[in-house]
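Counting from 1, the numbers follow the sequence of the chain as shown. Values reported hereafter were calculated over all heavy atoms of this structure, with side chains retained and with hydrogens, waters and symmetry mates removed.
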Amino acid sequence: MSWGTELWDQFDSLDKHTQWGIDFLERYAKFVKERIEIEQNYAKQLRNLVKKYCPKRSSKDEEPRFTSCIAFFNILNELNDYAGQREVVAEEMAHRVYGELMRYAHDLKTERKMHLQEGRKAQQYLDMCWKQMDNSKKKFERECREAEKAQQSYERLDNDTNATKADVEKAKQQLNLRTHMADENKNEYAAQLQNFNGEQHKHFYVVIPQIYKQLQEMDERRTIKLSECYRGFADSERKVIPIISKCLEGMILAAKSVDERRDSQMVVDSFKSGFEPPGDFPFEDYSQHIYRTISDGTISASKQEIGKVDAKTTVGKAKGKLWLFGKKPKGPALEDFSHLPPEQRRKKLQQRIDELNRELQKESDQKDALNKMKDVYEKNPQMGDPGSLQPKLAETMNNIDRLRMEIHKNEAWLSEVEGKTGGRGDRRHSSDINHLVTQGRESPEGSYTDDANQEVRGPPQQHGHHSEFDDEFEDDDPLPAIGHCKAIYPFDGHNEGTLAMKEGEVLYIIEEDKGDGWTRARRQNGEEGYVPTSYIDVTLEKNSKGI
């Protein structure tokens with residue numbers, strides 16, 4: 001089916017149709033452009049969303065550890081990749097569809113204009129041929145009428161008896177002239193008619209079909225281009241579907257990676273203090289002084305009671321809420337992390353040791369590399385001066401020594417924490433009576449009160465009048481032992497009223513802990529003083545005299 005044969009007389013209709021085709025092409029290009037803007041805005045909004053909810057990691061400690069958090073951040077990463085694929089879709093559409101459509105529309109307009117100009121020129125040429133034929137026809141018609149008039153005039157004069165021979169001869173000459181002119185115009189008309197018919201046949205059977213064929217091919221190419229762009233429009237997204245599917249599969253895998261048991265264990269690891277739960281409060285028998293034997297003496301009993309009252313009064317002023325049950329104390333972080341609970345301190349020390357070991361390994365590798373380079377320079381002096389490496393080697397060796405000292409120091413602190421934690425656990429299991437312990441800064445657990453001014457920094461201090469009683473009645477019988485204890489940790493006892501002890505040393509208990517974290521003990525040589533309750537393993541035995 002050809003436009004040239006079927007639509008030979010529809011030039012104006014084809015003009016409008018081809019213009020509509022180009023307008024439709026440009027309309028589809030506008031649609032693709034708006035779709036590209038949607039994809040770009042969608043990708044931009046997705047990236048902003050990911051950026052908004054991604055953690056701002058200023059330090060390693062803030063990195064997510066819980067599986068649910070890690071899964072969420074993995075989902076954010078996959079969503080960011082998904083946004084990237086939307087950008088790929090937009091770029092592919094812009095290059096393969098929109099850009100191609102705009103270039104083709106421009107070429108299409110140029111080609112259409114050329115074909116229509118050729119059609120108009122052919123039509124104008126045919127019109128010119130028709131006018132020439134029509135003019136010759138009219139001239140022939142006019143000459144025929146003039147020849148007919150000359151024929152009538154000649155016949156009238158020839159039949160008129162009164163007409164002279166000259167008039168008849170003149171009329172005859174006029175007839176011959178008009179007849180000759182009519183014959184010439186007839187031949188001209190016949191030639192113009194033949195030429196017009198030939199041009200008209202050529203116009204409607206050769207020129208116009210050829211032009212219309214080109215217009216038809218142009219319009220069909222436009223339709224094919226639209227089909228290709230439709231396909232490219234879909235292919236732009238279909239190409240990224242496998243990657244998008246991987247992004248979605250990554251999100252599903254992230255969801256499956258959530259482990260509630262592991263998260264619960266992380267909560268334990270993050271907040272475990274290492275303290276033992278408080279034990280039962282011991283029974284305090286205030287009636288024991290009523291049954292004291294008369295041999296103790298009234299004055300000695302008064303002396304003992306005064307000491308006890310003073311000790312309780314002094315400690316009572318310094319008692320505060322335990323950190324274990326209260327707020328964490330605020331203060332500067334210490335190098336050995338002693339401001340942290342035992343378990344957290346152990347973890348921090350272990351992390352620091354691991355980091356130092358990694359740094360040490362890097363420095364060791366650098367030292368080996370420098371030594372190899374030095375050997376190469378010594379064997380091949382033209383490659384470099386071995387002495388130029390000496391400062392760097394010295395610096396590396398200093399760093400290695402410094403790191404080894406740091407590791408040794410932190411390992412000592414770690415051993416101290418692990419040793420005390422183990423010892424405390426053994427003591428808790430072996431004790432006959434567990435009780436709540438309020439510890440000062442010198443205790444192995446490192447407990448604190450809420451207020452730094454209320455910390456129990458030393459043993460209960462005795463008032464001045466108690467010392468006077470001691471001086472006055474220093475020959476009285478000592479207080480009876482109510483049990484014995486074994487030192488778990490060494491204690492220096494620098495403060496006044498404290499008793500130094502060595503690890504494993506056995507002491508007598510002459511006054512049990514009243515809740516202030518201190519126990520009054522005595523050596524076998526009679527030396528007395530206060531020791532931290534958390535440093536000893538206590539066994540209370542009535543009227544005990546030794547082990």
Side-chain angles (χ1 to χ4, degrees), residues 1-50 79-124 203-204 206-245 247-248:
M1 183 179 295
S2 174
W3 288 4
T5 56
E6 303 292 336
L7 303 175
W8 61 270
D9 58 345
Q10 298 296 322
F11 182 84
D12 293 337
S13 298
L14 293 179
D15 184 0
K16 293 179 181 179
H17 172 74
T18 52
Q19 182 61 45
W20 171 87
I22 294 176
D23 293 341
F24 182 80
L25 187 73
E26 292 179 338
R27 184 182 180 190
Y28 178 69
K30 185 179 179 182
F31 161 79
V32 175
K33 181 180 179 181
E34 293 183 3
R35 169 65 189 277
I36 292 171
E37 292 175 353
I38 290 174
E39 291 290 347
Q40 291 173 342
N41 292 332
Y42 180 46
K44 182 178 179 181
Q45 291 176 2
L46 285 178
R47 289 195 183 278
N48 290 337
L49 182 66
V50 171
L79 187 60
N80 193 56
D81 295 341
Y82 176 83
Q85 296 308 309
R86 303 319 307 178
E87 292 175 346
V88 170
V89 171
E91 292 175 1
E92 185 72 11
M93 286 184 179
H95 174 71
R96 182 177 177 183
V97 182
Y98 179 73
E100 185 67 22
L101 281 174
M102 296 307 295
R103 288 190 297 271
Y104 188 75
H106 179 269
D107 296 340
L108 203 64
K109 289 179 181 179
T110 304
E111 183 180 357
R112 174 181 175 275
K113 183 179 179 180
M114 181 187 67
H115 293 323
L116 292 178
Q117 285 178 349
E118 290 178 355
R120 291 189 180 95
K121 287 180 180 180
Q123 186 66 40
Q124 290 174 358
H203 177 81
F204 288 110
V206 179
V207 178
I208 289 298
Q210 182 66 26
I211 294 173
Y212 284 10
K213 180 182 179 182
Q214 292 174 349
L215 286 173
Q216 182 179 359
E217 291 176 353
M218 180 195 72
D219 193 68
E220 288 177 353
R221 289 198 308 272
R222 176 190 63 82
T223 305
I224 293 173
K225 177 60 69 174
L226 280 173
S227 175
E228 293 175 354
C229 291
Y230 294 160
R231 189 179 300 109
F233 183 83
D235 286 340
S236 298
E237 187 159 358
R238 187 173 63 178
K239 286 181 179 179
V240 302
I241 286 179
I243 304 177
I244 291 177
S245 298
C247 293
L248 298 177

Could you report the tightest heavy-atom contact between A122 and V207, atom names first, then the distance? CB-CG1, 3.4 Å

What are the two closest heavy atoms between D235 and R238, and how far apart are they? OD1-NH2, 2.6 Å

Applying salt bridge (charged side-chain N to carboxylate O under 4.0 Å, His left out), name anything that partners K239, two or more places apart in sequence or on another chain. E92

Supply the atom-to-atom distance L46 CG to L79 CG, rounded to the nearest 0.5 angstrom. 5.0 Å

Nearest heavy-atom approach of A43 to A83 is CB-O, 3.4 Å

If you compare all heavy atoms of G84 against all heavy atoms of R47, which two are closest, and at what distance to 0.1 Å? CA-NH2, 3.2 Å

Could you state the interatomic distance from CD (Q216) to OG1 (T18), rounded to the nearest 0.5 Å? 12.5 Å

Is the shortest side-chain heavy-atom distance between E39 and R35 below 4.5 Å? yes

With under 30° as parallel and over 60° as perpendicular, where do the rings of F233 and F31 fit, or are they tilted in between? tilted

Roughly how far apart are T110 OG1 and H106 NE2, rounded to 0.5 Å? 4.5 Å

Locate the shortest heavy-atom distance separating C229 from L101; write the atom from each residue and the value. SG-CD2, 3.3 Å

R222: salt bridge (charged side-chain N to carboxylate O under 4.0 Å, His left out) partners, not counting sequence neighbours: D219

Only counting residues at least two apart or in another chain, list the ones meeting side chain to side chain contact (heavy atoms under 4.5 Å, CB included) with I244. Y82, Q85, R86, V240, L248

Taking the side chain as C-beta and beyond, is there a heavy-atom pair between Q10 and H17 under 4.5 Å? no

Return a table of donor-acceptor pairs under 3.5 angstrom between the side chains of residues 93-100 and protein atoms on other chains or two or more places apart.
unit_1	atom_1	unit_2	atom_2	d
E100	OE1	R103	NH2	2.8
E100	OE2	K225	NZ	3.2

Working to the nearest 0.5 angstrom, can you tell me the gap between K30 NZ and M102 CE? 11.5 Å

Those residues that, when tested against R221, pass side chain to side chain contact (heavy atoms under 4.5 Å, CB included) (two or more places apart): Y104, E111, E217, M218

Qualifying salt bridge (Lys or Arg N to Asp or Glu O under 4.0 Å) pairs with a residue from residues 5-26, counting only residues at least two apart or across chains: D15-R112, D15-R120, E26-K109

About how many Å separate CG of L7 and CD1 of I208, when rounded to the nearest 0.5 Å? 11.5 Å

Report the distance from atom CG of L116 to atom CG of L14, rounding to the nearest 0.5 Å. 9.0 Å

